[in-house]
Amino acid sequence: MRSVMAPQGDATAADTASRTLVLGVDAGRRVVQCGPNAASVLGRAPAEVIGCSAAELVVDEAKADLEVLLEGLAAGQERSGALTLRRADGTTTEAVVTAQPLVGGDSPDAPAGLLFVRVALPPSERYQDPALMRRALMDDPLARFGASLDLDQAARGLVDVIVPHFCTTASVLVLESLVAADEVHEETGAAVLRRIAVTSDDDNPKWTATFPVGEVLVYPEGTPYRQVLQTMQPVHLPLVDAQTAKDIARRWRRGPVGDLLTGVSMVLLPLVAKDTMLGFIACTRVPGFRRFDAYDVEIGMEFASRAAIVIDNARRYSRERATALALQRSLLPNRLSAPSSVEVRHRYLPGSKLVEVGGDWYESIALPGARVALIVGDVAGHGVRAAVTMGRLRTALHTLANLELPPADALHVMHELMIELGEQEPHFATCVYAVYDATTGTIEVASAGHLPPLLARPDGSSEYLKVPPAPPLGVAGGATIESREFTVEDGSVFVIYTDGLVENRGTDIDDGLARLRGVFGPGTAERPMEDLAKATLAGVYADHHRDDIAVLIARLRRLPPERFASWTLPSDPAAVRRARGLVRSRLAIWDLDELSYTTELLASELITNALRYARSGPIELRLLLERTLVLEVMDRSAALPRLRHAADDDENGRGLLVVSQLAHRWGSRRTAAGKVVWCEQIVPGVDPDPYETVDTWPGENHHRE
């Protein structure tokens, strides 16, 4: 009944698991005043205690420690210590004793100080005062762990509050769908659960061993755990006898459960928020403690209803965050590729820990002919909307790169796409697009409203490359997008980045550019790429108002001359025979005779195709041994070949079909003088796709220092 419970405001602040006796001691170390609960603490009536020496209350070994406390009374100091008390029946008990001096007592019989003697409650008397139990559960502790939006942290805080104030052992189980961040649907008693927190105050390791944290399980039919899930109501077992405990263990097929639950008192508190079952709290009191009664269940359900709100908030936050991160993972590249002579590193750092998605992206795409496309872009804005736009642009730009459009042409197509997207929702983006050719040592760069790339040379000098300016993608009007070609020394480091790396509210952008240039100063050629990547982000973590940051760093080296060869052939049918001999000789030098027949056949078909459609001008044949064997044929015709199926009576049209069947991949691209048709074959024993895999979410792994 409610009438037996003291109002919350009348509850003392004392620890619910202890009892305190107050004694008044005079200057002669004698007890002159005594609290009424001396019998429960010392086993003596108050009248027996008054008048005796304080030293008589402790064992002989504790007398010296007590004297130290009493000396503090004369010195006006408060002192505390752990002492062993002697009870009237000859037994002893441990206590925490605090000596507190008093002033103003003129009478000889007035106490010179107070002794606060605190002893632990015997098990049978714990959980006696419902007012104290309610206060311990509902006040500050609930607000403290309720502030967490992390599901595991909230659960750990929950069990740390409920033990020891409500029970001796507790565990929190939630639906597995909550942990997996899936939408919660109406669940039955057969729901899959995960135990996310367990604690015990009886120092028995069997509890955590038998009920391990992280376990995923379905409780069997006929157990109280299944009942609480089916009814969404508390399950109260005042006493679990040996037979009941053994039956639960048998149904669960977990023998140690029977031993642990024998003789305990148990209550299972459902966690229900907005009519949705989230899980439950399993609470037990081991033998020797007061058993749960109906009033305890009422207090526990009040706590569980508030705890369910905390768990629900945490699971909603976890689900939304997981959804946003899954979106960003799907939009950013999970692997980077480059020629074997080019080494690439990247970093991605979200601007906010709360919203770890944004519009920055990076790409490194290996292209045929020992070339690589290096791209960094930045969609204006933050959050999911910017990330969605970024995903569209990145997908389109990846397609354009594989079509081998020159950087300026690719950005122009992107600009038209952004204009079209802007009709639905205005937005714009900046982007820098570079293509490095490892056979010539040149890099072609185009930029749309982006900050200039940084090139650090092997001699220690560095500069920001002057690329023809152009407005951001999606901004109508302004200059056209143009590219510029630069010759790069072997071992140079090429850095492209988003503005979040060099801009912040407190400094000028020129200071940020100078800082970045200083990172890639003298000694850059000898420093490991991983060290350079870490140094690039050094100092940005403390800025909590920063923008998203994406950085792509590439150490550019040419392909060794012995790994490629080129020949100029006349526009004459004899060029086919000449090409076959050149290919055969070069493959013999590379110990690739096993590929000779196929490569000769591919060279014959591509050169025949060039003779048929180019009609005039020389033909260039090039062979590259990279991670694959690449064969390229360049002619003066701008018309790109198209694969088609020839009719039975056609005399021509089957050459490219043969190429597509024999080659691992094939394609074509336009050049300033005409076009290149290429095909590649897999080299035995060499992985054709040596990607740098991004195994973890960049926002977690790539802002390590």
Side-chain angles (χ1 to χ4, degrees), residues 327-339 342 344 346-348 357-369 371-381 385-422 424-425 427-437 443-453 467-475 480-484 494-500 548-554 667-670 691-692 694 698:
L327 171 65
Q328 189 80 333
R329 286 189 182 101
S330 66
L331 297 180
L332 286 174
N334 58 8
R335 58 184 187 177
L336 301 177
S337 59
V342 176
V344 179
H346 66 291
R347 287 293 185 270
Y348 179 86
V357 295
D360 294 15
W361 86 95
Y362 52 87
E363 281 285 5
S364 175
I365 308 169
L367 302 176
R371 297 175 303 127
V372 59
L374 304 170
I375 307 168
V376 162
D378 183 5
V379 176
R385 184 170 299 178
V388 170
T389 302
M390 176 270 286
R392 291 176 173 176
L393 296 184
R394 176 182 165 265
T395 301
L397 201 52
H398 200 285
T399 301
L400 296 174
N402 286 323
L403 289 175
E404 302 186 63
L405 289 183
D409 293 350
L411 290 185
H412 177 73
V413 175
M414 294 290 292
H415 173 68
E416 297 296 328
L417 174 62
M418 286 293 288
I419 293 291
E420 182 179 346
L421 294 176
Q424 305 172 8
E425 182 177 351
H427 44 232
F428 65 91
T430 65
C431 184
V432 60
Y433 188 146
V435 174
Y436 174 69
D437 191 331
I443 188 168
E444 184 180 2
V445 186
S447 175
H450 207 83
L451 291 170
V467 183
L473 304 175
V475 176
T480 58
I481 301 175
E482 300 179 5
S483 64
R484 183 179 176 186
F494 182 72
V495 186
I496 47 180
Y497 50 92
T498 56
D499 55 5
D548 302 332
I549 297 174
V551 183
L552 193 65
I553 307 171
S668 61
R669 65 179 182 273
R670 287 192 174 92
Y691 295 103
E692 177 201 346
V694 182

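Note that this is a predicted model, so its numbers are computed, not measured. One is the number of the first residue; the rest follow in order along the sequence. Note that these values count all heavy atoms, side chains included, but never hydrogens, waters or copies made by symmetry.
Distance CE/M418 to CZ/R392: 10.0 Å, rounded to 0.5 Å. One finds the CG atom of L473 at 10.5 Å from the NE2 atom of H450 (value rounded to the nearest 0.5 Å). Taking OH of Y348 as the start and OG1 of T498 as the end, the distance is 8.5 Å to the nearest 0.5 Å. A distance of 9.0 Å separates CD1 of I375 from CG of L552, quoted to the nearest 0.5 Å. We find the CG-OG1 distance between L451 and T430 to be 7.5 Å, quoted to the nearest 0.5 Å. To the nearest 0.5 Å, atom CD1 of residue I549 and atom OH of residue Y362 are 13.5 Å apart.
The only member of L336, I553, V376 that meets side chain to side chain contact (heavy atoms under 4.5 Å, CB included) when paired with S364 is L336. Partner H398 forms a side chain to side chain contact (heavy atoms under 4.5 Å, CB included) with one of L400, T395, N402 and no other, that one being N402.
Of all the heavy atoms in C431 and L411, the pair that sits closest is SG-CD2, 3.8 Å. V445 and A434 get closest at one heavy-atom pair: CG2-CB, 3.9 Å. Contact between A410 and Y433 at its shortest, heavy atoms only, is CB-CE1, 3.6 Å. When all heavy atoms of W361 and A550 are compared, the pair lying nearest together is O-CB, 4.0 Å. A pairwise comparison of heavy atoms in A366 and A338 identifies CB-N, 3.8 Å as the closest pair. Taking both residues in full, the closest heavy atoms of I481 and A408 are given as O-CB, 3.7 Å, listed atom of the first, atom of the second, then distance.
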Requested in this report: Starting from the C-alpha separation in whole Å, work towards a yes-or-no answer on salt bridge (charged side-chain N to carboxylate O under 4.0 Å, His left out) for R670 and E404.
Outcome: CA-CA 8 Å; R670 287 192 174 92; E404 302 186 63; over 6 Å; no

Query raised in the report: Would L393 and L417 count as a side-chain contact (heavy atoms from CB on, under 4.5 Å) if you check the C-alpha gap in whole Å, the side-chain angles of each, and the deciding distance to 0.1 Å?
Result: CA-CA 8 Å; L393 296 184; L417 174 62; 4.2 Å; yes

Requested in this report: Could you check E363 against L397 for side-chain contact (heavy atoms from CB on, under 4.5 Å), going step by step and ending with a plain yes or no?
Outcome: CA-CA 9 Å; E363 281 285 5; L397 201 52; over 6 Å; no

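With hydrogens and angles ignored, the 3.5 Å screen pairs a side-chain donor or acceptor of H415 with a backbone N or O of G474. For the pair Y497 (side chain) and P453 (backbone), a donor-acceptor distance under 3.5 Å is absent. In this structure, the side chain of R394 does not engage the main chain of G391 through any donor-acceptor pair within 3.5 Å. In this structure a side-chain-to-backbone donor-acceptor pair under 3.5 Å is missing from S483 to E444.
Residues V495 and V551 meet the side-chain proximity criterion, which asks for heavy atoms closer than 4.5 Å. Side-chain atoms of Y436 and V342, non-hydrogen and from C-beta on, do get closer than 4.5 Å to each other. Put simply, the side chain of I496 reaches to within 4.5 Å of the side chain of L374, judged on heavy atoms. For the pair V372/V435, no side-chain contact is recorded, criterion being any heavy-atom separation below 4.5 Å from C-beta on.
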